[in-house]
Protein chains: 2
Amino acid sequence: MKNVPGSAAGPAASEQPTERIPSAERREQILRAATAVFGERGYAQATTDRVAQAAGISQPYVVRMFGSKENLFLEVLDRALGRIMESFRAVLADPDDSPVGPRLGRAYVNLIEDRGILLCLLQAFMLGHDETIGRKARQGFLAIYRLLRDDVGLDADDARRFLAEGMLINTLLAVRMTDDYATDVCAQEILESAFSSKLDLVLDVARRDSGADAGRPAASGRA
Amino acid sequence: MKNVPGSAAGPAASEQPTERIPSAERREQILRAATAVFGERGYAQATTDRVAQAAGISQPYVVRMFGSKENLFLEVLDRALGRIMESFRAVLADPDDSPVGPRLGRAYVNLIEDRGILLCLLQAFMLGHDETIGRKARQGFLAIYRLLRDDVGLDADDARRFLAEGMLINTLLAVRMTDDYATDVCAQEILESAFSSKLDLVLDVARRDSGADAGRPAASGRA
DNA sequence: GTCTATACAAAGATAGAC
DNA sequence: GTCTATCTTTGTATAGAC
């Protein structure tokens, strides 16, 4: 039972044999799906087939459009880095007078709404041993560091501390610490400490994403 | 060209068809090899065959001894957590009067000599989506947190900060930031900031491990 | 622009000999 | 205690039709 074009199972006869949409749009759709899948399972455990299912298209088409799984991941990584930098720059541009640190932190956590962005970053960092991906991952890390140093104006210690908190956040998300929020006081404590005002958002998103294991189409609107 | 028992390629006719050693010892040997491989490639990308090569035995034997790859990883994770806790407890037991924080930090970084221990931990954290491994990973994380809170006596904020620095360290190791140490000032700066007095050790270990890609036997002594 | 069919490689696991 | 041979599944990628 793979992804069926216009077969039964559906509540009537409506699903066209996959809409024919412009490749640019399709690209973005696939990237979005791939980000969720790579973020959740990691590069190696993510399959092009799961990405395809999440995007609602066939596996060969995913490969066709991006050339290879590795290439797809590289584009996903690029996109994720872009979102992060963009998000930080938006904070810097905002004429708010409260301290930047916390504002950047909140902006970072807000990115969890964009499913998989943060996790893909961490997944990429885990691939340092890979010739191609590793290099790009290091570049990405350093690009963020430079932004903190040069554009935000943090000193080396503050930049390190900021990144450290970011890595902790990534880790808590990756290990799904929210699963233990309700049953373990320590889990609760560290989550509150790490996310503070953004904890509700994190818990909401975790609830939303759980069950909807990135893989098959996210229950599209039209039923 | 797999791992050959007593074939050619060797500098003479010496290598016995793999020594017959007691299973307890072999177990430890495999766990050590597996820690290096899992740490470097991650759970999914690590193959039982690479572990076997690193341990100098056949692939089926690895599976035979641990039942499955998943089980092997779980034991590796257990062992890694044990080493960390043990190492922290040793610091607490040490009648040194300098502040505990930095001493714990140095003890943590010292663990990189035990190849893969730190990385396996992070790799496990990345597997939160996995029913079995994810649960154990969360437990491990929380066990460390409790040790910091209860045994070390840190408050929630300090414990969080300590863990955050630890996650940054893990990430820097995983992404192999040391590869850029010589060529990128930012890489140099953040490595110095994150590892401070232990940077030399880190660079040494990186040099030692590079090239010796965990996979084939680590150039055993007798040539 | 998108699919079906399929070739091909990799990897985990099992059987059974030594 | 340890290996060789091998089954089986899964997953990437290609060919070619619609």
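Proteins get letters first, then strands, A, B, ... in listed order; numbering begins at 1 in each. This structure is a prediction, so every number in the text was calculated from the model and none was measured.
In this structure, A/Ile57 places its CD1 atom 14 Å from C1' of C/dT4, rounding to the nearest Å. C/dG1 atom P lies 7 Å from atom CZ of A/Arg20, rounded to whole Å. The interatomic distance linking B/Ile21 (CD1) with D/dC3 (C1') rounds to 15 Å, in whole Å. Whole-Å rounding puts the B/Gln53 CD to D/dC3 C1' distance at 15 Å. When rounded to the nearest whole Å, the span between CD of B/Gln45 and C1' of C/dA10 equals 13 Å.
Each salt bridge (Lys or Arg N to Asp or Glu O under 4.0 Å) pair with one or both residues in residues 78-92 of chain B, not counting sequence neighbours, appears once here: B/Glu28-B/Arg79, B/Glu28-B/Arg83, B/Asp78-B/Lys136, B/Arg83-B/Asp114. Listed by first then second residue, pairs satisfying salt bridge (Lys or Arg N to Asp or Glu O under 4.0 Å) with a partner in residues 117-127 of chain B number zero, not counting sequence neighbours. Note on residues 109-139 of chain A: pairs passing ring-ring contact (aromatic ring centres under 6.0 Å, His included), not counting sequence neighbours, are A/Phe125-A/Phe141. Every pair tested for salt bridge (Lys or Arg N to Asp or Glu O under 4.0 Å) that includes a residue from residues 53-69 of chain B fails, sequence neighbours excluded, so the list is empty.
Checked for salt-bridge contact, B/Glu40 and B/Arg115 meet the test: a charged N lies under 4.0 Å from a carboxylate O.
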Report task. Determine, stepwise, if the pair B/Leu81 / B/Ile144 fulfils side chain to side chain contact (heavy atoms under 4.5 Å, CB included). Result -> CA-CA 8 Å; B/Leu81 281 166; B/Ile144 295 176; 4.1 Å; yes
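By the salt bridge (Lys or Arg N to Asp or Glu O under 4.0 Å) test, B/Arg207 is found to be paired with B/Asp204, residues two or more places apart in sequence or in another chain being considered. Partners of B/Leu72 by side-chain contact (heavy atoms from CB on, under 4.5 Å), not counting sequence neighbours, listed by chain and number: B/Ile30, B/Leu31, B/Ala34, B/Phe38, B/Val51, B/Val62, B/Phe66, B/Val76. When the salt bridge (Lys or Arg N to Asp or Glu O under 4.0 Å) test is applied to A/Arg106, no partner is found at least two apart in sequence or on another chain. Residues forming a salt bridge (Lys or Arg N to Asp or Glu O under 4.0 Å) with A/Glu25 (at least two apart in sequence, or on another chain): none. With sequence neighbours left out, A/Arg138 forms a salt bridge (Lys or Arg N to Asp or Glu O under 4.0 Å) with B/Asp179, B/Asp180.
A close approach under 4.0 Å does occur between a side-chain nitrogen or oxygen of A/Ser23 and OP1 or OP2 of C/dG1.
Residues from residues 25-39 of chain A with heavy atoms under 4.0 angstrom of DNA chain C, sorted by number: A/Arg26. Near DNA chain C, defined here as any heavy-atom distance below 4.0 Å, there are no residues from residues 121-133 of chain A.
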Report summary line: B/S/- along nucleotides 12-18 of chain D (protein heavy atoms under 4.0 Å) is BBB-B--
